[in-house]
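All of these numbers come straight from a predicted model, not from anything done at the bench.
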Amino acid sequence: MSKDKKSGGKPATDPSAKDTHYATLRRAHRDAKRERGEIPTPPPQKRRRGGEDWKPPALAPDQVHLYGLHTVRAALDNPERKKIKLFVTQNALARLEIDAETLGIPFEIVSPQEIDKVLGPEAIHQGVMLETRPLPVRRLEALKDSPLLLVLDQVTDPHNVGAIMRSAVAFNAGAVITTQRHSPTESGVLAKSASGALELIPYIQVTNLADALGELHKLGFSTIGLDSEGPAPLEGTFSGEKLALVLGSEGKGLRQKTRETVNALARLDMPGAIKSLNVSNAAAIALYAARLHLKA
């Protein structure tokens, strides 16, 4: 075998390597000029796959489309999840590392464009979509043995709620409790943002949050509402062996009725110039502090 064949059929002095090197230098030079403001930064390019005329298909109340490799893999592994049908590209099937023939549910090998038609051009589905039923409804009474809960007061953005779920699972919280109104229902967007966490923690939606907080008090939980103007730092407010952290919506924070119902209001002390955080970041910090208290 010649040297050319050993190197993939290209001469030892491959001109494409030199071209790649100079292209990298040009990009670095261009990026440096943009950072100095010498040339404008181009606007972000939206993914365009004929999605301008796309309209979401009507879903039945008991129909959920989950997508993304981590999300679908977690759903397939969840015995409580009722799976209906798997739609997957050949490449995604290999990345899932499953034998579709043994799943026990119908599956169909499709193209990415076929999934786009259902989910829309902006969904990052990674070549896989799972049609399912919603997870079973959970009740507050089932949480009496959990020492840590997270309660959301009308947090509306499914991306934030999904990120909060991931933190809640990471810190071994027993559930994420939220309101039925002004909160995201179980959906593909929520599940994708949670990256599998939706399958690992109860997501409980209640009709009346004040009544639900009252039930948690009866179950022995100390409820603490996070407020940027709370009277005391969070770490000095913990008491008891069962905690429920209550966080408000992205813009308005805790509602007045919620503020009046929780056992205490507390703030996250931040010495910097910025005194408020995205609700998902605040949730992660509060969960970490609560875990330190429960371990002490």
Measuring only between side-chain heavy atoms, which start at C-beta, is L287 closer than 4.5 Å to L245? yes

Heavy-atom closest pair, residues L294 and P147: CD1-O, 3.8 Å

Using only atom types and a distance under 3.5 Å, with no angle test, would you say the side chain of D116 pairs donor to acceptor with the backbone of P121? no

In sequence, state the C-alpha distance, the side-chain angles, and the governing distance for L234 and I285, and then conclude on side chain to side chain contact (heavy atoms under 4.5 Å, CB included). CA-CA 10 Å; L234 177 63; I285 294 171; 6.0 Å; no

Please name the pair of heavy atoms, one in A92 and one in G127, separated by the smallest distance, quoted to 0.1 Å. CB-O, 3.3 Å

So side chain to side chain donor-acceptor pair (under 3.5 Å) across residues 89-109, not counting sequence neighbours, yields K85-E108

Point-to-point distance, once rounded to the nearest 0.5 Å, from CG of L219 to CG of D145: 9.5 Å

Sequence neighbours excluded, the answer for salt bridge (charged side-chain N to carboxylate O under 4.0 Å, His left out) partners of R138 is E80

Where do T207 and Q180 come nearest, in terms of heavy atoms and distance? OG1-OE1, 3.4 Å

Identified side-chain contact (heavy atoms from CB on, under 4.5 Å) partner of T178 from the options L152, V161, T156: L152

From D153 atom CG to T261 atom OG1, the distance as rounded to the nearest 0.5 Å: 9.5 Å

When you look at V72 and H125, which way does the side chain to side chain contact (heavy atoms under 4.5 Å, CB included) test go after all the steps? CA-CA 10 Å; V72 169; H125 53 71; over 6 Å; no

Donor-acceptor under 3.5 Å (T71 side chain, A191 main chain): yes

Output all residues satisfying side chain to side chain donor-acceptor pair (under 3.5 Å) with S146, sequence neighbours left out; order by chain, then residue number. none

Which residues satisfy the salt bridge (charged side-chain N to carboxylate O under 4.0 Å, His left out) test with R81, sequence neighbours excluded? E186, E199

Single-linkage hydrophobic cluster L93~M129, side-chain heavy atoms < 4.5 angstrom: no

L209 and L216: same hydrophobic cluster, using ILVMFWY side-chain contacts below 4.5 Å? yes

Would you sort out whether E131 and Q63 count as a side chain to side chain contact (heavy atoms under 4.5 Å, CB included), showing the intermediate values? CA-CA 7 Å; E131 181 181 344; Q63 186 181 30; 3.1 Å; yes

Interatomic spacing from CG in L190 to NE2 in H159 - rounded to 0.5 Å: 9.5 Å

Is there a side-chain contact between L265 and L254, using heavy atoms and a 4.5 Å cut-off? yes

Considering residues, nucleotides and ligands other than Q256, do more than 12 of their heavy atoms fall under 6.0 Å from its CD? yes

Rounded distance (nearest 0.5 Å) linking atom CG of L130 with atom CG of L66: 5.5 Å

Between E215 and V206, is there a side-chain heavy-atom distance shorter than 4.5 Å? no

Does H182 offer a backbone N or O that forms a donor-acceptor pair with the side chain of Q154 under 3.5 Å? no

Using modelled atom types and a 3.5 Å cut-off, is there a donor and acceptor pairing between side-chain atoms of K82 and backbone atoms of P136? no

Main chain of G253, side chain of D227: is a donor-acceptor contact present, judged purely on distance under 3.5 Å? no

Within the 4.5 Å heavy-atom criterion, are Y203 and T185 side-chain neighbours or not? no

Salt bridge (charged side-chain N to carboxylate O under 4.0 Å, His left out) partners of D269, counting only residues at least two apart: R267

Counting C-beta onward and ignoring hydrogens, is there a side-chain heavy-atom pair between F87 and V118 closer than 4.5 Å? no

Answer yes or no: are there more than 12 heavy-atom neighbours, outside E241 itself, under 6.0 Å from its atom CD? no

Quick one, Y67 with I115, criterion side chain to side chain contact (heavy atoms under 4.5 Å, CB included). Give me CA distance, side-chain angles, the key distance, then yes/no. CA-CA 9 Å; Y67 57 88; I115 300 179; 5.8 Å; no

Would you mind reporting whether L135 and L198 have side-chain heavy atoms less than 4.5 Å apart? yes

Tell me every residue that passes salt bridge (charged side-chain N to carboxylate O under 4.0 Å, His left out) with K257, counting only those two or more places apart in sequence or in another chain. none

Please say yes or no: joined through hydrophobic side-chain contacts below 4.5 Å, possibly via intermediate residues, are L149 and F171 part of one cluster? no

What's the shortest heavy-atom distance between I105 and L76, and which atoms? CD1-CD2, 4.3 Å

Donor-acceptor under 3.5 Å (H293 side chain, G240 main chain): yes

Check L148 against A290 and note the closest heavy-atom contact, atom names and distance. CD1-CB, 3.8 Å

Should I84 and L86 be counted in the same cluster of Ile, Leu, Val, Met, Phe, Trp and Tyr side chains packed under 4.5 Å apart? no

Less than 4.5 Å apart, side chain to side chain, heavy atoms only: is that true for L150 and I201? no

Is F221 linked to V262 within one hydrophobic cluster, defined over Ile, Leu, Val, Met, Phe, Trp and Tyr using a side-chain heavy-atom separation of less than 4.5 Å? yes

Which heavy atom of G248 sits nearest a heavy atom of V279, and at what distance? O-CG2, 3.6 Å

Spatial distance of atom OG (S193) from atom CG (N160) [nearest 0.5 Å]: 8.5 Å

Roughly how far, to the nearest 0.5 Å, is the OG1 atom of T223 from the CG atom of L213? 5.5 Å

Side chains of L143 and I177 in contact at under 4.5 Å (non-hydrogen atoms): yes

